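The block underneath contains the structure these notes are about, expressed in structure tokens.
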Amino acid sequence: MAAQEFLKPSASEQFLNRAFGFLVGVGIGPSYCYLLQVRGRKTGKVYSTPVNLMEMHGKRFLVAPRGRTQWVRNAEAAGEVTLKRGSSRKSFRLRPIDSQEKLPVLKQYLDQYRSAVQRYFSVPAGSPPEAFADVAEGYPVFELIEV
């Protein structure tokens with residue numbers, strides 16, 4: 001399945017995301033899990049969602065395996081996000097990654113987080129970066145630049 005459109009989570013996925021987000025927010029969970037906080041583009045309210053932060057070649061990346069989710073649209077409008085884990089908070093500017101540049105990022109992300117995200121990718125984990133060329137446009141990727 002290519003994530004050309006936003007794939008809305010089911011009610012049970014929403015519940016699990018909230019519960020997991022709470023745990024990550026207080027500092028419980030794998031070290032790569034953070035609570036992404038971003039200001040809503042319409043409401044101005046701060047929204048939170050758990051994300052997997054990926055590091056590659058000394059850079060930090062966020063990948064949206066569900067496509068153009070609300071957090072993606074809000075982050076694009078705001079231009080920045082905050083990552084929270086326990087009492088630690090860091091703000092980042094976003095640099096959108098273009099389709100060609102994101103191929104190796106998508107490959108590493110899927111290989112690294114396969115058990116959690118394979119269902120959102122039509123490309124199987126372990127595939128070469130070139131295999132993502134036809135679907136890359138459907139997966140927003142951002143490099144995080146600390147402010």
Side-chain angles (χ1 to χ4, degrees), residues 2-9 13-121 123 125-133 135-147:
Q4 298 305 326
E5 297 295 322
F6 166 60
L7 298 176
K8 185 175 179 177
E13 288 173 319
Q14 287 176 341
F15 173 79
L16 290 173
N17 274 346
R18 278 192 207 105
F20 188 65
F22 171 78
L23 293 173
V24 170
V26 296
I28 299 170
S31 61
Y32 55 82
C33 292
Y34 287 83
L35 193 62
L36 179 139
Q37 299 176 320
V38 63
R39 190 158 304 282
R41 64 194 180 284
K42 296 177 184 173
T43 65
K45 176 182 170 188
V46 174
Y47 292 95
S48 300
T49 190
V51 294
N52 293 337
L53 179 65
M54 193 183 78
E55 295 194 31
M56 184 174 173
H57 307 300
K59 297 179 181 181
R60 297 178 197 136
F61 295 94
L62 287 178
V63 176
R66 290 180 180 270
R68 291 188 45 75
T69 62
Q70 294 299 323
W71 77 256
V72 168
R73 294 178 214 177
N74 289 334
E76 288 171 336
E80 67 179 33
V81 298
T82 298
L83 294 183
K84 178 183 184 304
R85 182 173 172 78
S87 61
S88 172
R89 281 186 195 320
K90 288 187 182 178
S91 294
F92 297 90
R93 282 190 350 265
L94 301 173
R95 182 178 79 84
I97 306 300
D98 69 40
S99 288
Q100 268 315 107
E101 189 182 357
K102 73 170 85 164
L103 300 182
V105 177
L106 289 172
K107 180 211 176 354
Q108 182 174 323
Y109 181 84
L110 179 56
D111 289 350
Q112 193 167 333
Y113 304 117
R114 165 188 358 207
S115 64
V117 300
Q118 177 64 77
R119 67 182 178 266
Y120 305 119
F121 286 85
V123 176
S127 296
E130 303 76 39
F132 293 86
V135 298
E137 199 60 39
Y139 299 97
V141 176
F142 302 97
E143 179 185 352
L144 298 177
I145 300 161
E146 203 164 340
V147 292

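If you're wondering where the values come from, they're calculated on a predicted model, not measured in any experiment.
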Do NZ/NE/NH1/NH2 and the carboxylate oxygens of E101 and K59 come within less than 4.0 Å?
no

To the nearest 0.5 Å, what is the distance between NZ (K45) and CZ (R39)?
11.5 Å

In Å, rounded to the nearest 0.5 Å, how long is the span from CG of L23 to CZ of R18?
14.0 Å

Do [X] and [Y] come close enough that some side-chain heavy atom pair is under 4.5 Å?
{"X": "L83", "Y": "L144", "result": "yes"}
{"X": "R41", "Y": "Q70", "result": "yes"}
{"X": "C33", "Y": "V51", "result": "no"}
{"X": "V63", "Y": "L110", "result": "no"}

Tell me whether [X] contacts the main-chain N or O of [Y] through its side chain, where contact means a donor paired with an acceptor under 3.5 Å.
{"X": "K42", "Y": "G44", "value": "no"}
{"X": "Q108", "Y": "E55", "value": "yes"}
{"X": "E80", "Y": "S91", "value": "no"}
{"X": "K84", "Y": "G25", "value": "yes"}

Would you please test E76 and R68 for salt bridge (charged side-chain N to carboxylate O under 4.0 Å, His left out) and show each step?
CA-CA 10 Å; E76 288 171 336; R68 291 188 45 75; 2.8 Å; yes

Looking at [X] and [Y], what are the two nearest heavy atoms and their distance?
{"X": "Q118", "Y": "A125", "answer": "OE1-N, 2.7 Å"}
{"X": "L36", "Y": "V38", "answer": "CD2-CG1, 3.9 Å"}
{"X": "S99", "Y": "A136", "answer": "O-CB, 4.0 Å"}
{"X": "I145", "Y": "R95", "answer": "CD1-CB, 3.9 Å"}
{"X": "G67", "Y": "V72", "answer": "O-CG2, 3.8 Å"}
{"X": "P50", "Y": "L35", "answer": "N-CD1, 3.9 Å"}

Test L103 against E130 for side-chain contact (heavy atoms from CB on, under 4.5 Å), laying out the working first.
CA-CA 7 Å; L103 300 182; E130 303 76 39; 5.6 Å; no

Mind checking side-chain contact (heavy atoms from CB on, under 4.5 Å) for S115 and listing every partner two or more places apart, or none if nothing turns up?
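Per chain and number, S115 pairs via side-chain contact (heavy atoms from CB on, under 4.5 Å) with no residue.
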
For A131, give me all partners under side-chain contact (heavy atoms from CB on, under 4.5 Å), at least two apart in sequence or on another chain.
V123, S127, P128

Counterpart residues, salt bridge (charged side-chain N to carboxylate O under 4.0 Å, His left out), relative to R93 (two or more places apart):
none

I'd like to check the side chain to side chain donor-acceptor pair (under 3.5 Å) partners of K107; sequence neighbours left out, ordered by chain and number.
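Testing K107 for side chain to side chain donor-acceptor pair (under 3.5 Å), a comparison that skips the adjacent residues, returns D111.
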
Test of understanding: with ring pair (Phe, Tyr, Trp, His ring centres under 6.0 Å), list the residues that count as partners of F142, not counting sequence neighbours.
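Here no residue qualifies.
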
Listing request: all ring-ring contact (aromatic ring centres under 6.0 Å, His included) pairs with a residue in residues 61-115, at least two apart in sequence or in separate chains.
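Counting only pairs at least two positions apart or across chains, the ring-ring contact (aromatic ring centres under 6.0 Å, His included) contacts touching residues 61-115 are Y32-Y113, Y109-Y113.
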
May I ask you to check whether over 12 heavy atoms, not counting those of E146, lie within 6.0 Å of atom CD?
yes

Return yes if a side-chain donor-acceptor contact under 3.5 Å exists between R85 and Y34, otherwise no.
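Side chains of R85 and Y34: no pair found under 3.5 Å.
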
Are F121 and Y139 close enough, and set up right, to give a ring pair (Phe, Tyr, Trp, His ring centres under 6.0 Å), and what steps lead you there?
CA-CA 9 Å; F121 286 85; Y139 299 97; 4.3 Å; yes

